[in-house]
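Worksheet: one structure, shown below.
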Amino acid sequence: MKTAIMLSLAALALTGCATPFGAPPDVANIKLTRFDSPLVSVEKIWLERKKGPLVVTGYVIKELSTEDTTGTHLDVTLFDAGGEVLRSTVEYFEPRQIPRRYRRPDYATYRVQLDPLPPGTDRIEVRAHEGTHSL
């Protein structure tokens with residue numbers, strides 16, 4: 001019984017940690033999507049505005065077999081409700097070469113300014129991508 005309660009509490013705690021911050025009220029309706037590449041996984045993604053511009057932020061985790069992440073970038077694309085691209089940019093996480101951290105996940109962070117946000121933005125996609133760019 002104690003084990004079941006502890007597992008339930010752990011699951012509840014992890015669910016609450018899905019996004020570290022609630023989105024600002026004026027952009028809470030914008031959907032966030034992420035796509036991994038073979039070398040890195042796009043993890044936590046959220047919108048925030050801390051004493052400044054609106055940003056999409058989060059982190060990427062290096063796959064265990066990955067040695068070099070310097071050729072990986074992020075495509076950040078803003079879409080309207082009909083799926084039309086409003087804006088797309090190539091962005092980078094820091095550090096570009098994700099270091100090995102042994103007991104912790106091998107990760108890097110990204111923070112991309114979105115302001116001025118195009119009118120009608122319905123969805124923001126963060127996609128990890130290696131090699132040459134093909135937007």
Worked verdict on I124 versus V76 for side-chain contact (heavy atoms from CB on, under 4.5 Å): CA-CA 7 Å; I124 299 169; V76 178; 4.2 Å; yes

Apply side-chain contact (heavy atoms from CB on, under 4.5 Å) to the pair T33 and V126, showing each step before the final yes or no. CA-CA 6 Å; T33 57; V126 177; over 6 Å; no

side-chain contact (heavy atoms from CB on, under 4.5 Å) for Y92 and L74? Distances and angles first, verdict last. CA-CA 6 Å; Y92 298 95; L74 302 173; over 6 Å; no

Test side-chain contact (heavy atoms from CB on, under 4.5 Å) on T69 and V60; report intermediate values, then the result. CA-CA 11 Å; T69 58; V60 297; over 6 Å; no

Pair T57-E48, side chain to side chain donor-acceptor pair (under 3.5 Å): steps then yes or no: CA-CA 8 Å; T57 188; E48 67 181 24; 5.0 Å; no

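Other members of the hydrophobic cluster containing Y107, listed by chain and number, are Y59, I61; membership follows side-chain contacts under 4.5 Å among ILVMFWY residues, whether direct or relayed.
Atoms NZ and OG1, on K31 and T121 in that order, are 11.0 Å from each other to the nearest 0.5 Å. Interatomic distance, I45 CD1 to E125 CD, rounded to the nearest 0.5 Å: 9.0 Å. Between atom CG of residue L78 and atom OG of residue S88 there is a gap of 8.5 Å, rounded to the nearest 0.5 Å. Atom-to-atom distance recorded for T66:OG1 and L39:CG is 4.5 Å, nearest 0.5 angstrom.
In plain terms, the two heavy atoms of E43 and Y110 that are nearest each other are O-OH, 4.1 Å. Nearest heavy atom pair, residue D36 against residue S41, reads OD1-CA, 3.3 Å. A23 and A28 get closest at one heavy-atom pair: CB-CA, 4.0 Å. When every heavy atom of P119 is checked against every heavy atom of L86, the shortest pair comes out as O-CD1, 4.0 Å. Here the shortest heavy-atom pairing between V40 and A128 reads CG2-CB, 3.6 Å. Here the shortest heavy-atom pairing between V85 and F79 reads CG2-CE2, 3.6 Å.
The salt bridge (charged side-chain N to carboxylate O under 4.0 Å, His left out) pairs that include a residue from residues 76-98 number zero, where partners must be two or more places apart or lie in different chains.
Counting only distance, with no hydrogens or angles, the side chain of R34 and the backbone of V42 share a donor-acceptor pair below 3.5 Å. Looking only at distances, no side-chain donor or acceptor of D115 sits under 3.5 Å from a matching main-chain atom of P53. When atom types are taken as modelled, the side chain of K62 and the backbone of I98 share a donor-acceptor pair closer than 3.5 angstrom. No donor-acceptor pair under 3.5 Å is formed between the side chain of T70 and the backbone N or O of Q97.
Between T72 and F93 there is a side-chain heavy-atom pair separated by less than 4.5 Å. Side-chain contact between L47 and V55: absent, with no pair of heavy atoms (C-beta onward) separated by less than 4.5 Å.
Note on D26 versus R49: salt bridge recorded, some NZ/NE/NH1/NH2 to OD/OE distance being below 4.0 Å. At a threshold of 4.0 Å, the pair D106-R101 does not count as salt-bridged, since none of the basic side-chain nitrogens sits closer than that to a carboxylate oxygen.
When only modelled atom types and interatomic distance are considered, S37 and E130 share a side-chain donor-acceptor pair under 3.5 Å.
Residues meeting the salt bridge (charged side-chain N to carboxylate O under 4.0 Å, His left out) test with D68, sequence neighbours left out: none.
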